[in-house]
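Because the structure is a prediction, the values reported are computed rather than measured. So that the names make sense, note that chain A is the first sequence line, chain B the second, and so on, each numbered from 1.
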Amino acid sequence: MPMEKTFTPAEAEARISALWEEQKVGRAGANKKPGRPAFSVMIPPPNVTGSLHMGHAFNNTLQDILIRWHRMQGDDTLWQVGTDHAGIATQMVVERQLAETQQPGRREMGREAFLAKVWEWKAQSGDTIITQLKRLGASCDWDREAFTMSGNFPDAVVKVFVDMYNKGLIYRGKRLVNWDPHFETAISDLEVENVEVAGHMWHFKYRLAGGETYEYVEKDDTGAVILREMRDYISIATTRPETMLGDGAVAVHPSDARYAPIVGKMVHLPLCDRLIPIITDDYPDPAFGSGAVKITGAHDFNDYAVAKRHNLPCYRLMDTRAQMRADGAPYEAAVARAREIAAGSATSESEVDALNLVPEKYRGLDRLEARARVVADITAAGLAVTVLVREIDEETGSEHLRLEPVVETKKIMQPFGDRSKVVIEPMLTDQWFVDTAKIVGPALEAVRSGATKIMPESGEKTYFHWLENIEPWCISRQLWWGHQIPVWYGPRIRDKTDDTLKVAGIGWSENRQFIENDLQPFCAPSVEEALKLAKAYYGFEVVEAASLFESVLKSATPNSGISIFRDPDVLDTWFSSGLWPIGTLGWPDQTPELKTYFPTSTLITGSDIIFFWVARMMMMQIAVLDQTLPLEKRVPFKTVYLHGLVRDAKGKKMSKSLGNVIDPLDIIDEFGADALRFANAAMATLGGTLKLDTGRIAGYRNFGTKLWNACRFAEMNGVWEGHQTQTTPPAATQTANLWIIGETAKTLTEVNEALATYRFDTAADALYKFVWGRVCDWYVEFAKPLFDGDHAAETRQTMAWVLDQCMILLHPIMPFITEELWSTTAQGGIARANLLVHQDWPSYGPDLINPQADAEMTWVTTLIDEVRSARAQVHVPVGLKVDIVATSLSDQARQAWTRNAALIHRLARIDSFTEGPVPKGAISLAAPGATFAIPLAGLIDIAEEKSRLSKVMDKLAKEIGGLQGRLNNPNFAASAPEEVIVEARTNLSLRQDEAAKITAALARLAEIA
RNA sequence: GGGCGGUUAGCUCAGCGGUAGAGCACUACGUUGACAUCGUAGUGGCCACUGGUUCGAUCCCAGUACCGCCCACCA
């Protein structure tokens, strides 16, 4: 059955995919050859909730190219596939689904039932993206598919947590963290997106206690006094008025002369029955605002630092949904206690946290609502800095003056949750942290020493910059879907003698925050282990309770019946993905896979997750693995290849709201996976953004068709009949055959070098130029006359070999069409021994390049180009064959002509060839060692020919001028390297030779005219 | 505010010391023994600007302008 005119991706890809999967072509170690190294790649695990987008398509294409290339070379390859449980994202999806289907919500059904729902969902929809990866042609080891919540992963995660806890690398503490009020969980710094939004700044007056006054003096830059007045207040500027209810002090810079008279004095906190001190700190900038800053330790990261320095109380004003607190004692009682504390009464962190200093009227309000009310109330109290506004009553026409609060409109950077898109609130809570400062050293050293190489180099700079300024990593999340923290708590022992044990009474608050000071943590890999630790701590058996609430009930009697309960929080998703390479290889067991494939070879990932994932994997795995191993054995990967984000053709980020999202599956449907993959490879330059243009993908689809048709041409000429796959090229005698064999060898070298240096674009470019520009444009054309001559057999063998090489070399980038051709072209003869995916990568070298054939074919192609160009320019119809006269011919040129006469005749459309004098009415051409004339008496336009030759002359003159200029410069001769000078001389003489011939031709034209 | 990158043909991008490249687009021609998802021939660039280094700079260095991206606590 003859080949179809084109390749049909839709039909063939499904069939080939199924075949690959059935034969498990991507299994670890497939096609491995003795003595070859291992090559392993960890897929950046997509979220189980995900579906394939262009970024995945790009990223996985590059991985597959490397994997296929190495597998064909006989390396022991592993491409580890799997998915990430993606805590927040997945919990969000399932909760949304519950809401849409009118099922009970998460809290209603309880933790256990909800988690069952998530697993159910995962079983149904969790493999969507895996299926989609197969459509792309990804040759992963599908049998090893991993999931960050399955298999040995939970054990690995728990082990790492416990080990790090025991080494003091993980700690718990009350800190100001980024709080997502939508998901009601802490998130890490990285999950916060700072966005510039329009904000407002208000100015309030905090009156001095006891009606005191001071002289306020404002000076300009030169020191001249511009304002001098008596004030009974200090002016405060804020963008967050609602947080003033929790102020602990007002801070000014110690050098700020304006406030020097009142430092140390107390001011009335507006709307509150509290006095707070004026303190000095380096933090306020005297040049900004009024120079005085209100310090709200529990609601601002800067203020928190100031509060810590000055031991100021941090009063929490909001609940987990970022609404003004409504819990705890009535305001009056709370504020009374706050006054005592301010006066020096002993207190604790937990007591301060429990105090709700929100006045009753604001309790339960949303933060924005509270803000409006606070501003209105302060203004009403006459404590807003105001301006006079003139107002005209439209009805009566009367004028009156009115005071209005000063509100500056101002761009402010506002933090948003990257998932929830709501405004993040700094919140004072107890959380678990990784003490990153303690594990960052080796991660930095690994890259500095070259044990891990990051490409492009700019990625290393980013990596260093972030790690050198690393902050503690908040790893606890108040979610349900994830790895639950392996820590149990019991009441802390207050006093213990031989016969009595007093433990702290446990209280809890509505927002589930433990009263940390009173808890004793037991960190262990299992509840049994935790109970053992607890037994050792208390001195008698304890039991596990399901929650803090139950634990309190069961602990009612101090000396017996003590229970411990597990921390309900889960770990940040990135904590477990930080263990992806070792986790998927079976760690902590010392599996054979771990031994073979770790450290992994190359990580290919988007530069957007260098901090989230790459840096954390580096830190954690180096810290967790056997510390006696050298650093090179502990790094998770030897090379990290970072790529940019895939954008649309105009460089815009793809987003649903912009409607410019290109779905890779649509592209595959329309153009085939190979075209998308080739486009991805061609776009993969180092650095920069990746603009995806469907026009370009169409072009690469055409490229596939081109190869397809070259093979079809071969088929029509019996090339495949009886063909057997050959690793070495046939012994050829014909220049064209020798030449294309050499070109193939050059291409192999280029592709190898390009892929070895991660230049996927260069590899794609080399293959494109070879297949289209050499094989199809020239060799197929050369073959046509050769098939008619005495060397048909040799040419058929050569073409078969060359096209086989095209399939092999293209296979890593275009696996489907090449696999299809590999079997299709074998139908007429002997079946291929292997699927192409397991065909051995060739290893021939430059010895296949025949310099003589190379030079000769260059001469032939140049001559053909010139004849075609000349013909086109004087409008000789393509259909018309012409005669050619060689008016001068060197021995070498004569030989080249003779040996390739059939090719030249055909491609240049020449009827007869003679040697002789220049005929009248002819166009002239010059080639190295030869001058030709094409007699066109009556056909040519003398003027046109003259202008054509003049154009050629102009170009030559320009080149000659440049070369002469350089050669005549004595400094050039003195300084330039020898080969450059020789090259310039050679070029000059060639150009001059050619110019002489053209000049002669021009002179003859003048005679005719 | 700090850091990183970019500026080359109409568009998307390679090249990064020795006479400017590709694909797409555009123009003209074309039923050539595979391919119109094609062929042949063309058009099109002070390689952002200003200095410097060099025999020689699109390429190296410094600065300027514009454009991107990342990080950051200015109330």
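In this structure, NZ of A:Lys691 is placed 18 Å from P of B:G5, rounded to the nearest angstrom. In this structure, A:Phe464 atom CZ and B:G2 atom P are separated by 23 Å, rounded to whole Å. Nucleotide B:G2 holds its C1' atom 14 Å from the CD atom of A:Glu468, rounded to whole Å. Whole-Å rounding puts the A:Ile610 CD1 to B:C4 C1' distance at 11 Å. The CG-P distance, from A:Leu786 to B:G33, rounds to 16 Å in whole Å. Distance A:Glu457 CD to B:G6 P: 12 Å, rounded to the nearest Å. The distance from atom NZ of A:Lys5 to atom P of B:U37 is 9 Å, rounded to the nearest whole Å. Rounded to whole angstrom, the span from the CG atom of A:Asp761 across to the P atom of B:C16 amounts to 11 Å.
Among the protein residues, A:Glu781 comes within range of the nucleic acid bases, having at least one heavy atom under 4.0 Å from a base atom. Within the nucleic acid shown, A:Lys784 comes within 4.0 Å of at least one base atom, counting heavy atoms only. Base engagement by A:Ala976 is indicated by at least one non-hydrogen atom pair under 4.0 Å involving a base atom. The residue A:Arg759 sits close only to the backbone: its heavy atoms come under 4.0 Å of sugar-phosphate atoms, none of a base.
For residues 454-469 of chain A, the salt bridge (Lys or Arg N to Asp or Glu O under 4.0 Å) pairs, not counting sequence neighbours, are A:Arg448-A:Glu468. Within the structure, the salt bridge (Lys or Arg N to Asp or Glu O under 4.0 Å) test picks out no pair touching residues 194-204 of chain A (sequence neighbours left out). The list of salt bridge (Lys or Arg N to Asp or Glu O under 4.0 Å) pairs with a residue in residues 699-708 of chain A, not counting sequence neighbours, is empty. The salt bridge (Lys or Arg N to Asp or Glu O under 4.0 Å) contacts involving residues 282-304 of chain A comprise A:Asp247-A:Lys294, where partners must be two or more places apart or lie in separate chains.
Pairing analysis of RNA chain B (Watson-Crick: purine N1 to pyrimidine N3 plus N6-O4 or O6-N4; G-U wobble: N1-O2 and O6-N3; both under 3.5 Å) yields stems of 3 or more pairs at B:1-7 with B:65-71, B:10-13 with B:21-24, B:26-30 with B:38-42, B:48-52 with B:60-64.
Atom C1' of B:A57 sits at a distance of 13 Å from the matching atom of B:G51, rounded to the whole Å. Between the P atoms of B:G10 and B:U27, the separation comes to 16 Å (whole Å). Rounded to the nearest Å, the gap between the P atom of B:C49 and that of B:U54 is 23 Å. The separation of B:G21 from B:C66, taken at their C1' atoms, amounts to 26 Å, rounded to a whole angstrom. B:C59 and B:G6: their P atoms are spaced 13 Å apart (whole Å). For the P atoms, the distance linking B:G5 with B:C60 amounts to 12 Å, nearest Å. B:G1 and B:G45 are spaced 39 Å apart, taking the P atom of each and rounding to whole Å. B:C35 and B:U40 are spaced 15 Å apart, taking the C1' atom of each and rounding to whole Å.
Using a 4.0 Å cut-off, no side-chain N or O of A:Thr705 falls inside it from OP1 or OP2 of B:C35. Residue A:Arg712 places at least one side-chain N or O closer than 4.0 Å to OP1 or OP2 of B:C35.
In the interface, the side chain of A:Asp788 is paired with the base of B:G33 through a donor and an acceptor atom under 3.5 Å apart. A:Arg696 contributes no side-chain N or O that forms a donor-acceptor pair with the base of B:U12 under 3.5 Å.
Salt bridge A:Glu425/A:Arg240: present, at least one basic N to carboxylate O contact under 4.0 Å.
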If you look only at distance, which donor and acceptor atoms sit under 3.5 Å apart when one is on a side chain in residues 667-676 of chain A and the other is two or more places apart or in another chain?
residue	atom	partner	partner atom	Å
A:Asp669	OD1	A:Arg135	NH1	3.1
A:Asp669	OD1	A:Arg135	NH2	3.0
A:Asp674	OD1	A:Phe816	N	3.1
A:Asp674	OD2	A:Ile817	N	2.7

Side chains of residues 968-979 of chain A: which donor-acceptor pairs under 3.5 Å do they make with residues two or more places apart or in other chains?
residue	atom	partner	partner atom	Å
A:Asn968	ND2	A:Gln964	O	3.3
A:Asn969	OD1	A:Asn971	N	2.9
A:Ser975	OG	A:Asn971	O	2.9

Determine all donor-acceptor pairs shorter than 3.5 Å in which one atom belongs to a side chain in residues 770-780 of chain A; sequence neighbours excluded.
residue	atom	partner	partner atom	Å
A:Tyr779	OH	A:Asn737	OD1	2.6

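Using modelled atom types and a 3.5 Å distance limit, the side chains of A:His299 and A:Glu242 yield no donor-acceptor pair.
Under the rule for a salt bridge (Lys or Arg N to Asp or Glu O under 4.0 Å), A:Glu753 has no partner lying at least two apart in sequence or in another chain. A:Ser188 meets the side-chain hydrogen bond (donor to acceptor under 3.5 Å, both in side chains) test with A:Glu191; sequence neighbours excluded.
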* Can you list the steps and then say if A:Lys205 with A:Val385 is a side chain to side chain contact (heavy atoms under 4.5 Å, CB included)? -> CA-CA 6 Å; A:Lys205 294 174 177 176; A:Val385 173; 4.1 Å; yes

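Each of A:Arg909 and A:Ser458 lies near RNA chain B, and the nucleotide nearest A:Ser458 is the one positioned closer to the 5' end. Of the two residues contacting RNA chain B, namely A:Ala714 and A:Asn969, the nearest-nucleotide position lying further toward the 5' end is that of A:Ala714.
Here the side chain of A:Pro977 is nearest to one of B:G23, B:A36, B:G18, namely B:G18. Taking every side-chain heavy atom of A:Cys776 into account, B:A34 is the closest of B:A34, B:C55, B:A36. In this structure, the nucleotide among B:U32, B:C35, B:A14 sitting nearest to the side chain of A:Asn709 is B:C35.
Of the possible donor and acceptor atoms, one in the side chain of A:Arg258 sits under 3.5 Å from a partner among the backbone N and O of A:Pro286.
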For nucleotides 70-75 of chain B, which of its nitrogen or oxygen atoms have a protein nitrogen or oxygen under 3.5 Å away, and what is each distance?
residue	atom	partner	partner atom	Å
B:C73	O2'	A:Asn302	ND2	2.8
B:C73	N1	A:Asn302	OD1	3.1
B:C73	O2	A:Asn302	OD1	2.5
B:C73	O2	A:Asn302	ND2	2.9
B:C73	N3	A:Asn302	OD1	3.4
B:A75	OP2	A:Lys410	NZ	2.7
B:A75	O2'	A:Ala237	O	2.9
B:A75	N6	A:Asp285	O	2.6
B:A75	N6	A:Phe288	O	2.5
B:A75	N1	A:Asp285	N	2.9

* Structure fact -> Given protein heavy atoms under 4.0 Å, the one-letter contact record of nucleotides 38-47 of chain B, with B base, S sugar-phosphate only and - none, is simply SSSSS-----

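Rounding to the nearest 0.5 Å places NE2 of A:His200 at 13.0 Å from OG1 of A:Thr238.
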